[in-house]
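Just below is one structure, and these are the notes that go with it.
Convention: sequence-line order gives letters A, B, ...; per-chain numbering from 1.
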Amino acid sequence: MQVLEVQHLHKTYRQSGQTIAAVRDVSLTIAAQEVLAFLGPNGAGKTTTIKMVAGLILPDRGSVNIAGRNPHRDPRAIGLLGAVLEGNRNLYWRLTPEENLEYFGVLRGLSRKTARQRGRELLDRFELTHKRAATVQALSRGMQAKLAIAVSLIHRPQLLLLDEPTLGLDVEATQTVKRLVREIASEGCAILLTTHQLDIAEELSDRVAIINQGAIVAEQPTQDLIRQFSGTAYTIEVEDILDDDRISKIQHLGGFGDCVDPKIIVDQK
Amino acid sequence: MNELKLFSAELRRGWIQFIRYPAEAISGIFIITALFYGLFLGAKYVAGPGLQLGDRLDAIIVSYVLWTLVTFILFNTTGTLQNEAQTGTLEQLFLTPFGAPRVFLTRAIADLFIQFVLISTILILISLLTGRYLSFPPALFLPLIAVIMGAYGISFALGSLALLLKRVQQLLGVVQFALLFLMTISTESLTGSLKILGFLLPMTTGAGLLRDLMARQQPLNFTLLGFALLNGLFYFGLGLLLFRWAERETKRRGRLSGY
């Protein structure tokens with residue numbers, strides 16, 4: 001079952017008299033239990049697309065459907081999605097994790113009782129119960145990131161949007177977030193995440209869509225895409241011609257280079 | 001039912017933040033009271049020992065406290081937008097099936113309840129310092145509602161500007177003084193075409209009625225109350241319409257979170 005269907009999204013901005021095409025003809029679908037990584041450099045159009053999906057930016061053309069509802073017209077569609085758009089910043093830092101979960105639960109349409117109950121379950125699951133009464137500003141960055149994801153799940157959305165979910169996190173927190181993303185997807189949630197890190201896309205996603213200058217240039221199952229783009233060997237161009245010592249070290253690592261051409265060829269095998 | 005649920009959540013959120021960081025509230029009370037007392041002592045010094053303000057002083061107190069209240073309402077929406085954008089929670093407020101205008105209005109009303117605690121404290125302190133005690137007939141709530149509706153209308157209009165233009169601090173400074181004019185202008189003593197203008201200006205008719213009730217102990221004028229309520233409703237509706245339009249326009253420009 002397709003949870004998200006995006007058809008031919010276009011968005012242009014006018015800036016200082018110039019027209020900038022931020023998103024050009026982007027179409028994608030995500031099914032339940034599927035993770036789609038939106039991979040691209042900064043300014044490629046990832047965040048604009050994800051915000052158009054969330055109903056926070058109005059597209060010039062094209063359509064977004066979340067379980068058959070348009071978030072730009074039907075407020076019920078908003079209740080079907082959860083989003084972490086500003087990393088660990090989408091929380092009230094003066095409130096405790098418990099209070100944040102309860103407040104955002106009610107904001108998403110739950111009763112106070114249900115929000116409290118689910119909040120406790122999420123704190124337990126995300127290993128934050130011992131910090132439930134500490135203010136968010138007193139939590140580590142990793143804990144804040146976990147809590148931000150917990151808050152986005154309080155109303156049990158069908159679609160989860162994660163904008164650069166591991167940005168600025170240390171190795172341990174990154175691992176935790178990766179584990180959580182995989183778990184959440186396996187429980188039935190469709191996940192759209194943006195990243196500019198290839199390793200994150202590779203580890204987390206079932207499919208990757210590469211976006212560049214506002215347009216999707218490739219979209220395939222993650223393993224196929226990695227295979228296609230990596231080939232069997234890659235070439236590194238260096239600034240100066242390599243000396244004998246460096247060439248021998250590269251050869252020792254399985255690469256190839258010579259004293260004439262400023263290139264190193266590395267075979268992946 | 002849903003509104004009540006949201007209101008209770010907003011009230012709890014606001015109250016927790018209010019009591020968790022009391023220094024902000026206490027300094028606010030001190031500054032507003034000290035400013036009034038400074039002006040009061042200054043006026044006494046200039047006028048000399050023979051100064052007898054009588055119910056005029058009461059009217060000034062009503063206007064000042066009303067100005068404080070309305071200033072709070074007026075900058076609430078803009079303040080919420082700017083604070084939430086800085087902390088990163090703004091877009092989350094738009095990701096709700098309630099719709100952003102309903103969330104902002106509910107939050108503004110919940111914050112007002114908390115603000116009443118501060119305003120009451122300020123009023124008690126001013127009364128103790130000046131030795132003047134105002135009367136609080138129950139009828140005062142009717143013109144107060146008219147003033148508050150007008151204030152929310154202007155608040156949403158300013159919020160719309162903040163959504164569209166982002167940086168509106170300079171404008172807010174000017175608005176604060178325009179507001180002092182609106183709260184203190186004695187429309188009840190105007191005549192002819194100026195009186196009509198008085199009915200059209202936001203909040204002034206309601207403010208005049210409050211002065212009549214609280215400082216001059218006059219009975220409530222229901223005709224004027226009708227005008228005050230119509231005036232409040234008009235500005236309230238206009239503000240909400242502008243906010244809805246500004247929300248859509250900001251989403252079209254893709255500038256919801258960029259401050």
Side-chain angles (χ1 to χ4, degrees), chain A residues 11-15 20 22-23 47-48 51-52 54-60 71-72 74-96 99-100 102-115 135-137 148 151-152 155 157 161 163, chain B residues 1-25 80 83-107 110 163-164 244-259:
Chain A
K11 187 70 198 173
T12 52
Y13 295 121
R14 286 193 69 79
Q15 221 169 41
I20 299 158
V23 172
T47 302
T48 302
K51 286 187 178 177
M52 283 196 279
L56 295 169
I57 293 178
L58 210 58
D60 296 336
H72 297 279
D74 186 348
R76 284 172 296 181
I78 302 292
L80 300 172
L81 70 89
V84 182
L85 299 172
E86 301 255 358
N88 56 349
R89 291 179 69 236
N90 68 336
L91 302 163
Y92 287 106
W93 284 38
R94 290 177 168 196
L95 300 185
T96 65
E99 290 159 354
N100 266 290
E102 189 183 312
Y103 172 74
F104 282 109
V106 175
L107 195 70
R108 304 284 181 261
L110 303 179
S111 70
R112 187 186 173 194
K113 192 180 161 195
T114 312
T135 53
V136 170
Q137 60 193 342
V151 164
S152 70
H155 57 302
L161 306 174
D163 194 12
Chain B
M1 189 63 194
N2 276 341
E3 275 74 9
L4 208 63
K5 201 169 68 179
L6 185 62
F7 175 75
S8 139
E10 288 294 353
L11 192 63
R12 219 168 23 253
R13 188 198 61 84
W15 182 251
I16 290 167
Q17 299 197 84
F18 175 69
I19 52 166
R20 200 160 279 165
Y21 297 89
E24 285 174 14
T80 301
N83 291 338
E84 302 276 328
Q86 275 164 11
T87 53
T89 41
L90 180 64
E91 286 174 322
Q92 293 294 327
L93 298 185
F94 285 81
L95 291 177
T96 165
F98 290 107
R102 245 205 294 182
V103 172
F104 279 86
L105 180 63
T106 312
R107 177 173 289 195
L163 268 177
L164 291 169
R244 278 183 197 283
W245 172 78
E247 180 194 351
R248 193 152 181 89
E249 185 60 21
T250 310
K251 284 181 175 177
R252 197 185 62 76
R253 293 182 191 180
R255 295 190 62 204
L256 204 56
S257 64
Y259 274 76

Does any non-hydrogen side-chain atom of [Y] lie less than 4.5 Å from one of [X]?
X	Y	answer
A/L95	B/R13	yes
A/I57	B/L256	no
A/R94	B/T87	no
A/L58	B/E249	no
B/Q92	A/V151	no
B/R252	A/K11	yes

inquiry  = Looking at every heavy atom in both A/I78 and B/P97, which two are closest together, and how far apart are they?
reply    =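 Scanning both residues completely, I find the closest heavy atoms to be CG2-N, 4.3 Å.
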message = On a heavy-atom basis, which atom in B/K5 and which in A/V106 lie closest, and how many Å separate them?
response =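 Here B/K5 and A/V106 meet closest at O-CG1, 3.6 Å.
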Which region of [X], side chain (C-beta onward) or backbone (N, CA, C, O), has a non-hydrogen atom less than 4.5 Å from a non-hydrogen atom of chain B, or is it both or neither?
X	answer
A/F104	side chain
A/R76	neither
A/L110	backbone
A/H72	backbone
A/T135	side chain

task = For each of B/R253, B/Q17, B/R12, B/E10, tally heavy-atom pairs with chain A at distances under 4.5 Å, and name the one with the top tally.
result =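 Result: the option with the highest number of such pairs is B/R12.
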message = For the CZ atom on B/R20, are there more than 12 heavy atoms of other groups (residues, nucleotides or ligands in this structure) within a distance under 6.0 Å?
response = yes
task = Sort B/R107 into side chain, backbone, both or neither according to what part of it lies under 4.5 angstrom from a heavy atom of chain A.
result = side chain
key: Region of B/E247 in contact with chain A, defined by heavy-atom distances below 4.5 Å   = neither
task = Output the distance between atom CG (B/L95) and atom NZ (A/K51), rounded to the nearest 0.5 Å.
result =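 Reported to 0.5 Å precision, the distance equals 10.0 Å.
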message = Determine whether a donor-acceptor pair (N or O, by modelled atom type, separation under 3.5 Å) exists between the side chain of B/T96 and the backbone of A/L107.
response =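 Present.
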